[in-house]
Amino acid sequence: MSAKVFIDTNVLVYAYDIDAGSKKRRAEEVLISLRLQGLGALSMQVLQEFYSTVTRKLRPPIPKAEARAIVEDFTHWCVATTPGEIKLAFQIEDEARIGFWDAMIVAAAVRAGATRILSEDLNPGQTIAGITIENPFR
């Protein structure tokens, strides 16, 4: 079996943003592929950021009931984080010189056993804590 692939918030948001054009199509392809392979992973942080973004920042926003159903649909991909991941995030933040919330994404990906993080926000090609960052939209 292949290793897990961790999905950052922006990939999930693009999949549901009707104005995202080619990024929407690519995000949908990625999520469908990971679902079929059983390889997707994300964190509570990603689901929280997703919900907040799609119900408040998208135009038009996704209705709350629909956004909640999407979050529920992705909960089986969710890796539980613990105080250990916070401690790891502190270390990653210092060593990789990235922001704390990005470090939490990496720490959650480590917890999930992921080898890749798909993100538009982190530096593609960079390896942090043994995990390679990839921008699926390039």
Rounded distance [0.5 Å steps], [atom1] in [X] versus [atom2] in [Y]:
X: D17; Y: I62; atom1: CG; atom2: CD1; answer: 8.0 Å
X: N10; Y: L118; atom1: CG; atom2: CG; answer: 9.5 Å
X: D102; Y: S119; atom1: CG; atom2: OG; answer: 7.0 Å
X: L34; Y: F6; atom1: CG; atom2: CZ; answer: 12.0 Å

With sequence neighbours left out, what residues match E95 under salt bridge (charged side-chain N to carboxylate O under 4.0 Å, His left out)? none

Could you pull out all residues at least two apart from K24 that satisfy salt bridge (charged side-chain N to carboxylate O under 4.0 Å, His left out)? E28

Contacts under 3.5 angstrom, residues 40-50 side chains, donor-acceptor by atom type, not counting sequence neighbours:
{"unit_1": "S43", "atom_1": "OG", "unit_2": "Q45", "atom_2": "N", "d": "3.4"}
{"unit_1": "S43", "atom_1": "OG", "unit_2": "V46", "atom_2": "N", "d": "3.3"}
{"unit_1": "Q45", "atom_1": "NE2", "unit_2": "E49", "atom_2": "OE2", "d": "3.1"}
{"unit_1": "Q45", "atom_1": "NE2", "unit_2": "W101", "atom_2": "O", "d": "3.2"}
{"unit_1": "E49", "atom_1": "OE1", "unit_2": "T9", "atom_2": "OG1", "d": "2.4"}

For V106 and I98, run side chain to side chain contact (heavy atoms under 4.5 Å, CB included): C-alpha distance rounded to whole Å, both residues' side-chain angles, the deciding distance at 0.1 Å, then the answer. CA-CA 10 Å; V106 177; I98 61 175; 4.3 Å; yes

M104 reachable from V5 in the ILVMFWY side-chain graph, under 4.5 Å edges: no

Tell me the closest heavy-atom pair linking A103 and I92, and the distance in Å. CB-CG2, 3.9 Å

How far apart are the closest heavy atoms of A15 and A27, and which atoms are they? N-CB, 3.6 Å

For S33, is there any backbone N or O sitting under 3.5 Å from a side-chain donor or acceptor partner on Q37? yes

Check: K23 side chain, V11 main-chain N or O, donor-acceptor pair, under 3.5 Å: no

Could you give the side-chain donor-acceptor pairs of residues 70-80 under 3.5 Å, partners two or more places apart or in another chain?
{"unit_1": "D73", "atom_1": "OD2", "unit_2": "R35", "atom_2": "NH2", "d": "3.0"}
{"unit_1": "T75", "atom_1": "OG1", "unit_2": "E72", "atom_2": "O", "d": "2.8"}
{"unit_1": "H76", "atom_1": "ND1", "unit_2": "D73", "atom_2": "O", "d": "2.9"}

Assess, by modelled atom type and distance only, whether the side chains of Y14 and R26 contain a donor and an acceptor separated by less than 3.5 Å. no

Residues 128-138, side-chain donor-acceptor partners within the protein, below 3.5 Å, at least two apart:
{"unit_1": "E134", "atom_1": "OE1", "unit_2": "R116", "atom_2": "NH1", "d": "3.0"}
{"unit_1": "N135", "atom_1": "OD1", "unit_2": "F137", "atom_2": "N", "d": "2.8"}

By side chain to side chain donor-acceptor pair (under 3.5 Å), which residues pair with R56, not counting sequence neighbours? S52

Any heavy-atom pair between the side chains of Y51 and K64 that's under 4.5 Å? yes

